[in-house]
Structures are given as structure tokens and as C-alpha cells.
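First up is the structure itself, then whatever we jot down about it.
Per chain, numbering begins at 1; letters A, B, ... match sequence-line order. Note that this is a predicted model, so its numbers are computed, not measured.
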Amino acid sequence: MIDYAQALNEAQYQAATSGDGPVLVVAGAGSGKTRTIVYRLAWLAENGISPDAMLLLTFTRKAAQEMLHRAGMLLNQGLTGVQGGTFHAFSFSVLRRWKPAWLADRPFTVMDAADITAAVKHCKDDLKLGRGDKSFPKTQTVVGLLSKSRNKELPLDEVLRREAFHLLPHADSLTRLGDAYDSYRREKGLMDYDDLLFELEALLRNNEMAAASLRQRFSHILVDEYQDTNLVQARIVRLLAGPEDGPPGNVMAVGDEAQSIYAFRGANVRNILDFPKFFPGTTVIRLEENYRSTKPVLDVANSLLAHAAESFHKNLFTRKEGGELVRLVTPMSDASQAKIVVRRIEELLRDHMPHEIAVLFRAGFHSYNLEMALNQAGIGFRKYGGLRYTEAAHVKDVMAYARLLLNPLDLPAFARVAAQHSGIGPKTVEKLYAVARSGDAASTEKAFGRHTGFLEDMRFINDLRTRPMSPSSTLAAVLEHYRPRLETLYPEDWPRRQQGLEEIIQMASGYIHLDLFLADLALESPEEDENDTEGKITLSTVHSAKGLEWNAVCIIDLVEDRFPSRHALARPEDFEEERRLMYVACTRARQNLDLYAPASLYNRAERGSQHVNQSPFVRELAPNLVEEWIEGFGGILSRRAAGSSGGAQPSYQARFQARPLARPQATPDYAAFDDCQLPAEQEKTSPGQSFSQSRNFAPSPAPAGSGATPTGSTGGEIKGDAAQGQLCYCTHRIFGRGKIIKHLSPEKVQVNFPGFGLKVILSEYLLMEN
DNA sequence: CTGATATGGATTTTT
DNA sequence: TCCATATCAG
């Protein structure tokens with residue numbers, strides 16, 4: 001028997017051993033959340049609950065597997081039979097048994113991101129939308145809007161009104177496009193991410209038999225990361241926990257509202273806040289002692305939350321006194337940031353194993369420089385959150401065969417196979433799909449005409465369908481068939497790609513049903529080889545780092561426009577999400593936390609380095625919370641006395657490199673640079689406020705109240721063109737920051753707003769920079 | 001219609 | 001650098 005009281009603190013113990021009824025565990029970062037779930041699983045098993053009756057919904061399959069593994073270890077025996085994984089994967093496993101009526105017994109396929117884009121593009125072309133109209137949103141943008149509308153359960157025009165004001169004229173077209181995309185999926189037996197959730201909800205509501213059976217089977221439901229569920233996910237949990245008119249059964253939701261970072265995907269913090277209302281009779285348990293981080297790390301994290309616009313009433317505490325101060329490092333440029341981080345990692349490697357070190361960043365491409373520097377230094381790394389290798393063309397090619405085998409109506413897969421043959425473009429695909437679908441062998445044969453290669457592919461697939469084999473044998477046969485093409489398509493690196501495909505076949509051998517393997521591939525990147533992680537440090541986006549922890553964490557590119565992302569500046573709620581993201585990033589660290597805020601970034605468009613300001617999250621940190629280091633000449637880091645300077649330090653070198661030909665540089669000293677700093681008073685304002693104020697200014701007069709000019713994010717920027725008397729950038733109340741392309745008249749300018757495209761705007765609505 | 005070439009523009013986060 | 005769209009020749 002396990003001694004729960006010994007192994008857990010009081011709150012954890014209460015959670016792990018709680019009896020029947022709904023429970024909400026509010027678990028601060030590093031408060032032993034995973035440990036609590038693991039002991040909960042073990043406790044249930046020890047108290048006679050069959051693993052079959054447990055459902056563990058987590059953010060990734062890996063998280064579920066790890067918890068089950070650890071619970072199994074505690075019990076000194078495996079804990080097999082527990083259903084565990086993401087909402088989406090769970091939905092798929094249910095829906096393949098209880099198919100929605102509209103499928104009428106046809107097979108169905110789960111679409112991945114590329115399929116969704118292709119499908120929307122197809123519908124867009126079909127409806128002849130946006131042809132020659134530059135103001136019409138790009139396919140990617142449309143995909144995002146449609147998904148947002150469904151995830152937030154708002155009509156499309158409402159989404160436009162809130163987030164993409166300028167697209168309102170296209171509201172009707174976009175709605176039609178959305179409808180066309182809906183029919184596309186239904187006709188072809190396809191489901192996207194959102195469908196999986198909504199169809200499961202529909203099943204639980206409309207199919208009494210299925211609902212009753214699922215409720216009976218899953219008597220104990222655990223949901224991790226509850227703060228990142230969206231509305232439909234919350235309803236699914238409620239419906240699984242019992243009929244809505246009855247009392248909810250045994251549900252335990254675990255989460256932390258301060259770590260909600262998926263609102264952009266429709267996650268709703270209200271879910272966790274309203275849990276007790278939604279599940280009457282809830283017991284709320286709070287875990288507030290932090291076991292992960294040292295005090296200095298926690299102080300920085302707590303400070304971030306303290307500056308939040310909406311307070312979280314959260315203050316994590318630790319008994320781990322002492323520990324190194326958090327470092328705030330100012331490299332001269334992004335290039336030297338990479339070098340400094342590499343040096344720092346070499347230093348950290350003396351005390352820590354590689355897998356205990358991570359570098360985190362806001363967006364996948366922020367790590368490119370660092371990746372190159374690490375390669376040069378011979379330091380191995382594993383990157384999370386970038387492009388997945390299952391998204392590589394050759395993998396998708398092979399999987400397309402398997403998908404067609406299961407679902408002959410899968411148009412994206414059909415197109416994928418067809419496109420491997422020269423002479424077949426979108427139009428021909430359309431034609432061939434129509435005849436192949438009609439099922440008339442004679443006319444099909446005729447229509448394929450000279451496209452004999454493709455016809456052979458189809459024959460191959462049909463043949464394969466008549467011979468049931470294991471998933472891995474099927475895929476092996478496909479690879480055999482595809483191999484000659486692999487070699488012609490990728491003459492340079494086909495051996496490597498082939499090896500990758502063989503690994504995938506290996507992974508498939510763990511599956512009995514091919515459709516489950518395909519769904520898993522679309523829903524989640526398969527877990528990496530454990531040997532692959534060995535001896536490697538981790539690079540990760542903050543989103544992908546959720547739930548993980550390391551001894552030492554470096555966060556890079558902590559500058560304006562990167563972290564927080566420049567897309568998050570327009571609306572205060574987006575800005576607050578960035579703050580929580582920063583909180584998540586900092587709380588990943590156990591002992592060492594380094595913050596890097598380079599003084600300049602290389603800018604492709606400008607072909608030079610540009611000064612950038614520190615992230616507001618860095619600027620707001622009290623000087624005593626960090627130990628400041630600054631890079632001087634020759635890449636030498638030196639300590640700066642605490643509080644010696646408030647703002648971002650200038651990089652004289654960066655300025656000098658920026659535009660050597662544009663104009664003679666001003667005297668390269670810091671005093672000269674200080675003139676460019678933001679007014680001290682504004683800099684001290686809480687960033688949440690200063691951003692919403694400066695971004696939402698009234699058209700002509702300066703913002704009410706403050707006498708300061710809302711120079712926004714570019715106080716210290718040096719611009720060649722500006723020096724020649726031309727304005728380069730401006731800020732618009734709705735579109736944000738844009739580049740001025742042309743002065744059309746004294747009052748009109750043409751501006752390019754990233755994400756919004758070219759606009760002609762009256763100057764009075766613009767705030768000019770410089 | 002397809003496929004090659006030019007051009008222009010920009011770059012979150014993920015199931 | 002990389003991607004998407006526009007344009008053009010076969």
C-alpha cells in the first residue's frame with residue numbers, strides 16, 4: 001500500500017484521495033500537479049476502480065502516457081487499460097465506433113493542417129472569391145477566421161467585427177466560403193479538428209445509447225490543463241460526467257488560470273472559473289506551494305502576475321531559500337545573443353545534464369540564429385514547436401495512399417497522389433475525382449487516358465484494399481510502390497527521407513488499426529525516439545514547453561514585437577495572454593533563469609540591424625529582482641550595477657552597422673542615445689495600460705490625460721529614410737503598425753500593414769513615428 | 001490547362 | 001529566406 005499522507009502535502013492528499021463528486025484542483029505552476037494526478041490514479045486503482053473506467057484527458061498524449069507510467073510504477077504493476085490522450089484523439093476513438101448519421105456508414109478521415117488549407121483554397125477557387133481583389137484575405141487568414149468562429153462559437157461577422165474590422169466588407173463572401181467548406185467535408189467524409197469535438201458533443205446529446213454506454217464505462221474522468229479547454233470541450237466533459245439534468249459524476253479538473261495561453265484557439269478561462277457553477281457540488285482544492293523553482297525565479301514570476309491588468313490573486317511560495325539571481329542579459333544584437341547563449345550553455349553544461357537545459361522563445365523562427373550557432377559549437381539540440389517531420393512532403397505522400405485506401409472519397413489525399421504525376425493539375429484532379437467517384441470503370445479508364453501512372457496508383461490502392469494486412473505491412477507495401485518516385489523527386493537526400501519513412505512504418509507496428517494510426521499522426525506529432533533526446537538540450541516555443549521543466553532555462557528575444565508578439569498589441573486581452581505566456585516560460589525553470597533582450601535585431605527588409613526596445617515584461621521588473629549583464633566591445637559581458645539604468649541599453653555598434661551609408665552616425669555614445677529613450681514617466685507606466693492607451697488613441701489629439709506623446713514601441717529607432725525627411729512607419733488604431741509606401745497627397749498615404757495588406761489612409765488617422 | 005518564372009511581401013502560438 | 005500569387009508560353 002502507498003502511504004499517501006507521507007508522499008503528499010495536505011492539499012495534494014485531499015485531491016488525490018477525494019471521494020465521489022466533482023473536484024476542481026487549482027494548481028499553481030510547479031505545485032506538484034502532475035504528482036497529484038499520478039497519486040490520484042494510483043489511489044483510484046487501489047480502491048478498486050478498474051483502469052477501464054478511468055478517462056485521462058490531457059494536453060498531449062505524451063503527458064498522459066507519462067502520468068500512467070508513473071502511476072504504474074507506484075503500484076508496482078502496470079496501469080493498463082486507462083484511456084488517455086487529447087480531447088481530439090479521444091473523440092476520434094469514440095466517433096469511429098459511433099459514427100455521425102451524416103456519414104451514413106462511410107469511412108472518414110481526420111484532416112491535418114495542410115488538408116484544411118487545401119480544402120479552403122479549393123472552395124475559394126470554386127466560388128471564384130478574391131480573384132484579383134487584393135483586399136480579400138489569403139487562404140491562411142480565412143482558415144484562421146473560420147476556425148476562430150467555430151472555436152469561440154461566434155458568427156463569422158462577429159469575429160470580424162472584433163478582430164479584423166477591415167474585412168467586414170467581405171463578411172458575406174467569407175460566410176459563403178465557410179458554408180462551402182462545411183459541405184466539402186461532409187461530401188468527402190472528412191473531419192477537421194473542430195468537427196471532432198462538435199461531433200462528439202452531438203453524439204452525447206443525440207444518441208442516448210452511446211451516451212449511456214460512455215457514461216457507464218468512464219466512471220472517473222480526469223482533465224488536465226483545464227484552463228485551456230474551450231466551450232465545447234467543457235460541455236463534452238459535462239455530458240460525459242452524466243446527464244445534464246442530473247448531478248455530475250466523478251470529474252476532476254486540474255488547471256491554473258494564470259497559465260491560460262490558448263485563448264487564440266478559443267480556450268476560455270471562464271471554463272475553470274465557472275467550473276463550480278457548471279458542476280454543482282464541486283470541491284475546490286488549491287495547491288499553492290511551489291516545489292520546482294528557487295525563490296529568485298519565483299519572485300520574477302510573481303512580479304509578472306502582480307503587474308497583470310486583472311490580478312490573479314496568486315502568490316506562489318517556496319521553502320527553497322537562496323539560489324542564484326535571475327540574469328538579465330543585453331547582447332548587442334541578435335547575432336551576438338546566439339553566441340552569448342551558446343557560451344552560457346557550455347557553462348551550464350558543466351553543472352547540468354544536457355536534457356536539463358532549455359532555451360525558450362515566442363515563435364519558432366526566433367531560434368534560427370541560435371540553431372546555427374549551436375551547430376557550429378557542436379551542441380546537440382532537439383527542437384519542439386517548429387515544423388514537424390510528419391509534415392514533410394514525402395511523408396504526406398505516403399500517408400495519402402493509406403488514406404485513400406481507407407476513404408476513397410478523401411479528396412486531399414487523392415490530389416496528393418495525383419500531383420505526383422506530371423501533367424495533372426487542379427483541373428484534371430477535379431475531373432478525375434469526379435469519374436473515379438462515379439464508380440463507372442469504363443469511363444474512368446477512358447478519362448484517365450494518358451495518365452497511366454496515376455491509374456496504376458489507383459489500381460495499386462484498390463488491390464491493397466482487398467488484402468487486409470497490418471498497418472505496418474500496408475505502409476511497407478506503399479513505400480515499396482513509392483520508392484522509385486522518392487528517388488527521382490529527391491535526388492539529393494532520398495536516403496534520409498526513406499529512413500524517416502521506415503521509422504514511421506516502425507511506429508505503425510504498435511497499432512492494430514490503420515485508421516487510428518492515421519488519426520494519431522494528424523492529431524499529434526508522434527513521440528520522438530528517446531535515444532534522440534539523449535545528450536541534447538531543448539529548444540522550444542513557450543507553448544510547446546507547457547507542463548515541462550528544466551534546471552536551467554534561457555528565454556531569448558525578449559524584445560518588443562517579438563515577445564510580446566507584435567500581433568498581440570492591438571487588444572488588451574491579447575497582451576495579457578502574452579503576459580501569462582511569459583509567466584509560463586519563467587516558471588519552467590528550477591534553478592537558473594536567464595532573460596536575453598538583444599539591443600538590436602537584424603531586419604531583412606531594411607538590410608541592417610535596428611535598435612529594439614526591451615520587452616515591457618523585462619522593463620517592468622524591479623532592479624533588485626535581476627542581475628544585469630551587458631555586452632560590450634569584443635563580446636565581453638560585464639555586470640551592471642543594479643538599477644543603473646531603466647530602459648533598453650543602446651547598441652552603438654548596432655546603430656553603426658544599421659546603415660553605414662545612409663548618413664554619418666551621430667556621436668556613438670550612450671548620452672546621445674538617451675535622447676531617443678521614451679519619456680521616463682511613460683516608461684514607468686504599467687505596460688498593460690500604456691499599451692492599450694497608446695494603441696487605442698483617438699485620431700487627432702494626443703491621448704487624454706497623459707501629456708506624453710504616444711511614441712509606442714519605436715522610441716529609439718534610427719531610420720535612414722527618416723533621416724532623409726521621409727516617414728517610414730506609422731501606427732493605426734485598428735491595423736497597428738505599418739510601413740508607409742507612398743505619400744499620395746498631403747493628407748493621404750499608402751501604408752502596408754502586416755497581415756492586413758496595402759491601405760490608403762487619411763494621415764489624420766495615423767500616428768507617425770519619428 | 002499546366003508548369004515555369006517573376007515578383008512582391010512578410011514571418012505566432014496548436015489540436 | 002521562403003511562400004504565395006500573378007503572369008506567360010507551350
Side-chain angles (χ1 to χ4, degrees), chain A residues 57-61 85-92 110-113 116-117 121 124-125 130-134 136-141 143-144 147-148 150-151 191-197 225 228-230 232-233 260-267 360-369 384-388 391 418-419 421-431 451 519-525 540-546 557 561-569 574 577-578 580-582 584-585 601-607 737-739 741 752-758:
Chain A
L57 294 171
T58 54
F59 212 68
T60 62
R61 186 180 44 206
T86 63
F87 274 89
H88 293 88
F90 172 67
S91 297
F92 179 79
V110 177
M111 304 168 87
D112 65 13
I116 296 167
T117 311
K121 172 131 183 59
K124 189 175 153 205
D125 291 346
R131 288 162 51 98
D133 179 359
K134 279 206 148 184
F136 198 84
K138 300 217 170 87
T139 306
Q140 291 286 6
T141 314
V143 170
S147 173
K148 204 156 234 182
R150 294 182 75 208
N151 271 297
M191 287 201 211
D192 64 12
Y193 300 115
D194 304 327
D195 289 328
L196 288 170
L197 302 177
E225 310 282 9
D228 284 322
T229 55
N230 63 16
V232 62
Q233 286 170 324
S260 157
I261 54 174
Y262 280 94
F264 75 91
R265 195 174 85 183
L360 306 183
F361 32 85
R362 176 66 181 82
F365 71 94
H366 292 169
S367 67
Y368 290 166
N369 275 328
Y384 293 84
L387 271 188
R388 309 221 174 86
E391 284 165 13
H421 302 275
S422 173
I424 305 183
K427 293 288 171 186
T428 311
V429 165
E430 190 99 342
K431 214 170 62 193
H451 303 301
D520 274 356
L521 225 48
L523 292 174
E524 222 173 337
S525 50
S540 177
T541 61
V542 182
H543 282 92
S544 298
K546 182 163 111 153
D557 279 353
D561 279 7
R562 290 209 159 189
F563 202 157
S565 159
R566 76 157 136 302
H567 303 282
L569 300 181
D574 290 343
E577 178 148 316
E578 298 287 312
R580 295 192 295 269
L581 201 53
M582 179 70 184
V584 168
L601 289 183
Y602 182 77
N603 182 322
R604 258 193 293 285
E606 303 285 323
R607 290 211 243 102
R737 187 158 180 264
K739 183 174 184 178
I741 306 299
N752 184 33
F753 294 102
F756 299 106
L758 282 179

Practice prompt. Report which part of the nucleic acid A/F87 touches: base, sugar-phosphate, or nothing (heavy-atom distance under 4.0 Å, all strands).
Written response: nothing
Discussion item. Taking 4.0 Å as the cut-off, does a side-chain nitrogen or oxygen of A/T139 come that near to OP1 or OP2 on C/dT5?
Written reply: yes
Worksheet item: Could you give the CG-to-P distance, from A/D520 to B/dT15, as a whole number of Å?
Response: 12 Å
Worksheet entry | Where protein sits on nucleotides 1-8 of chain B, one letter per nucleotide: B base, S sugar-phosphate only, - none, heavy atoms under 4.0 Å | SSS-----
Discussion item. I need the CE-P distance between A/M111 and B/dT15, as an integer number of Å.
Written reply: 17 Å
Worksheet item: Do A/F264 and A/H567 have ring centres separated by under 6.0 Å?
Response: no
Fill in: Minimum side-chain heavy-atom gap A/K546-A/E225 below 4.5 Å
yes
Worksheet item: What does A/K431 touch in the nucleic acid at a heavy-atom separation under 4.0 angstrom: a base, only the sugar-phosphate, or nothing?
Response: nothing
Worksheet item: Are OP1 or OP2 of B/dT14 and a side-chain N or O of A/T541 less than 4.0 angstrom apart?
Response: yes
Output a table of nitrogen or oxygen pairs between the protein and nucleotides 7-10 of chain C separated by less than 3.5 Å.
none

Discussion item. Strictly distance-based, threshold 3.5 Å: is any side-chain N or O of A/R580 a donor or acceptor partner for the main-chain N or O of A/S260?
Written reply: yes
Item to complete: Between A/F59 and A/S565, just flag the one whose closest nucleotide in DNA chain B comes earlier from the 5' side.
Response: A/S565
Discussion item. Under 4.0 Å between a side-chain nitrogen and a carboxylate oxygen: does that hold for A/K427 and A/E430?
Written reply: no
Item to complete: Could you check which of B/dT11, C/dA4, B/dT15 has an atom nearest any side-chain atom of A/H567?
Response: B/dT11
Worksheet entry | Any A/S544 side-chain N or O less than 4.0 Å from OP1/OP2 of B/dT14 | yes
Fill in: Interatomic distance, A/D557 CG vs B/dT13 C1' [rounded to whole Å]
15 Å
Worksheet item: Would you call the rings of A/Y262 and A/F59 parallel, tilted or perpendicular if under 30° counts as parallel and over 60° as perpendicular?
Response: tilted
Worksheet item: Should A/F87 and A/L57 count as side-chain neighbours, where that means a heavy-atom distance under 4.5 Å?
Response: yes
Item to complete: Specify the separation, in whole Å, of atom CD of A/Q140 and atom C1' of B/dA10.
Response: 13 Å
Practice prompt. Identify whether a stacking contact exists between A/H543 and B/dT14, where the ring centres must be under 5.5 Å apart and the planes under 30° apart.
Written response: no
Worksheet item: What interatomic distance, in whole Å, is found between C1' of B/dT12 and the corresponding atom of C/dT5?
Response: 23 Å
Discussion item. Measuring centre to centre across the rings, with the benzene-like ring taken for any Trp, is A/F92 within less than 6.0 Å of A/F90?
Written reply: no
Practice prompt. Figure out the CD1/C1' separation between A/I116 and B/dT14, and round it to whole Å.
Written response: 11 Å
Worksheet item: By side chain to side chain contact (heavy atoms under 4.5 Å, CB included), which residues pair with A/K138, not counting sequence neighbours?
Response: A/T141
Discussion item. What I'd like to find out is whether the side chain of A/V232 reaches to under 4.5 Å of the side chain of A/D194, using heavy atoms alone.
Written reply: no
Worksheet item: Atom CZ of A/R580 and atom P of B/dT12: how far apart are they, to the nearest Å?
Response: 20 Å
Fill in: Between B/dT12 (P) and A/R562 (CZ): distance, integer Å
11 Å
Discussion item. I'd like to check A/Q233 versus A/L197 (side-chain heavy atoms, cut-off strictly below 4.5 Å). Are they in contact?
Written reply: yes
Worksheet item: According to the 5.5 Å centroid and 30° plane-angle thresholds, does A/F264 stack upon the nucleobase of B/dT12?
Response: no
Worksheet item: What is the distance, rounded to the nearest whole Å, between atom OH of A/Y193 and atom P of B/dT15?
Response: 8 Å
